[in-house]
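Structure record follows, encoded as structure tokens.
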Amino acid sequence: MANSLTHGLTAEYQEKVAATQVVDFTKLQPADVVTFVPGDQVEIDWSTLLYLKNYSSSDRAADTVIWTTAGFYRTERTPRALIQSLSKCVGVDWFDCRMEKDFLQLTSPTPFVLGDLLLFATERSQIGKYYSWLNGRYLQSVNTTARKEESRISLTVRMEMIIRDSTTRLSKSWDEVLQVQRSRQRWVTQFMQTPQAGPLITQPARVDELTYCQYFAKQLLTAYMKKTQPKATGAVDEEALWQVLRDDQRGMEPPLDS
């Protein structure tokens, strides 16, 4: 497994990793990855993804190292752009992800969850605006190091990695991305058990007396109004929203004697 996991690295770096079974991303540089794939040719097997390491910043061209169970390669596309391509393919919008995060009252940066793909943001660049992204699917434990802002992560593929992010923040983000996955699974189970109940996202939990379905609709409508009517100040009429969601036609049709 170690050979496949280190495929794409320079021979010197492969020897270093083989001796320690640790990939230290605080020291790994794009030059240590010999396999380069142009951005328009990148095809990630997301089920094998371990880490998207961001090297992008405002003072140099974008550079991302992709680590999968089949090894390393790099590309000039940013991690965010790579995830956005996946988003377009599977029809999961960032708005969907943010609404789930807000509904569950999570505080970490918005994660991207798709089945067993549990992507959450780590080590944001101090110069650029892009995060690195870790796949929680392969995490086994998050441990401290001698440096406060670094963490040593044990992976289920019998390898360890070190990244520049605090153990407290990483553990919190990992816990929250698992919360999103559990919520998705619970909603799917409820839908399969009671398919007549309505949309997949309907579930009994409430935020300010709104079900998730109502909450999502309200936030979507509010965001749309801000885009199309920037001067509008009125709040969304929740009763009218509930009538629309219930397909309640009262007040929407002219009286019979008109």
Straight-line distance of [X] [atom1] to [Y] [atom2], nearest 0.5 Å:
X: Ile163; Y: Leu170; atom1: CD1; atom2: CG; value: 4.5 Å
X: Leu49; Y: Leu118; atom1: CG; atom2: CG; value: 11.0 Å
X: Asn3; Y: Gln14; atom1: CG; atom2: CD; value: 7.0 Å
X: Arg98; Y: Asp96; atom1: CZ; atom2: CG; value: 10.5 Å
X: Thr75; Y: Asp40; atom1: OG1; atom2: CG; value: 8.5 Å
X: Thr64; Y: Tyr73; atom1: OG1; atom2: OH; value: 11.0 Å

With the side chain counted from C-beta on, respond yes when [X] and [Y] share a heavy-atom pair under 4.5 Å apart, and no when they do not.
X: Cys97; Y: Val113; result: no
X: Val22; Y: Val17; result: no
X: Ser183; Y: Leu104; result: yes
X: Ser173; Y: Glu176; result: no
X: Leu28; Y: Lys53; result: no
X: Glu149; Y: Glu123; result: no
X: Ile83; Y: Trp46; result: yes
X: Leu50; Y: Met161; result: no

Query raised in the report: Stepwise, does the side chain to side chain contact (heavy atoms under 4.5 Å, CB included) test hold for Phe120 with Leu134?
Result: CA-CA 6 Å; Phe120 61 91; Leu134 190 59; 3.7 Å; yes
Report task. Quick one: sort the Phe72 and Trp67 rings into parallel, tilted or perpendicular, breaks at 30° and 60°. Result ->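 Plane angle under 30°, so parallel.
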Query raised in the report: Any chance CZ of Arg182 has more than 12 other-residue heavy atoms, nucleotides or ligands included, within less than 6.0 Å?
Result: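 Above 12, so yes.
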Could you pull out the closest heavy-atom pair between [X] and [Y], with the gap in Å?
X: Leu139; Y: Thr156; result: O-CG2, 4.1 Å
X: Glu76; Y: Phe36; result: OE1-CZ, 3.1 Å
X: Tyr13; Y: Asp24; result: OH-O, 3.4 Å
X: Leu5; Y: Met159; result: CD1-CE, 3.8 Å
X: Gln140; Y: Leu155; result: OE1-O, 3.9 Å
X: Arg152; Y: Ile162; result: NH1-CD1, 3.8 Å

Query - Verdict with reasoning, Thr122 to Arg169, per side chain to side chain contact (heavy atoms under 4.5 Å, CB included) - result: CA-CA 9 Å; Thr122 70; Arg169 185 164 51 241; over 6 Å; no
Query raised in the report: Within the side chain of Arg137, is there an N or O that forms a donor-acceptor pair under 3.5 Å with the backbone of Ser47?
Result: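 Yes.
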**Report entry** Side chain Lys101, main chain Val180, donor-acceptor under 3.5 Å
**Finding:**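 Such a contact is absent between Lys101 side chain and Val180 backbone.
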**Report entry** Full working for side chain to side chain contact (heavy atoms under 4.5 Å, CB included) between Tyr138 and Thr69
**Finding:** CA-CA 10 Å; Tyr138 291 99; Thr69 57; 4.2 Å; yes
Query raised in the report: Have Thr167 and Ser151 got a donor and an acceptor in their side chains that come within less than 3.5 Å?
Result: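 The answer is yes; a qualifying pair exists.
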Query raised in the report: Are side-chain N/O atoms of Arg77 and Ser85 paired as donor and acceptor at under 3.5 Å?
Result: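 Yes, Ser85 and Arg77 have a side-chain donor paired with an acceptor closer than 3.5 Å.
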Query raised in the report: Sequence neighbours excluded, which residues qualify as ring pair (Phe, Tyr, Trp, His ring centres under 6.0 Å) partners of Phe112?
Result: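 Once residues adjacent in sequence are excluded, the partners of Phe112 under the ring pair (Phe, Tyr, Trp, His ring centres under 6.0 Å) criterion are Trp94.
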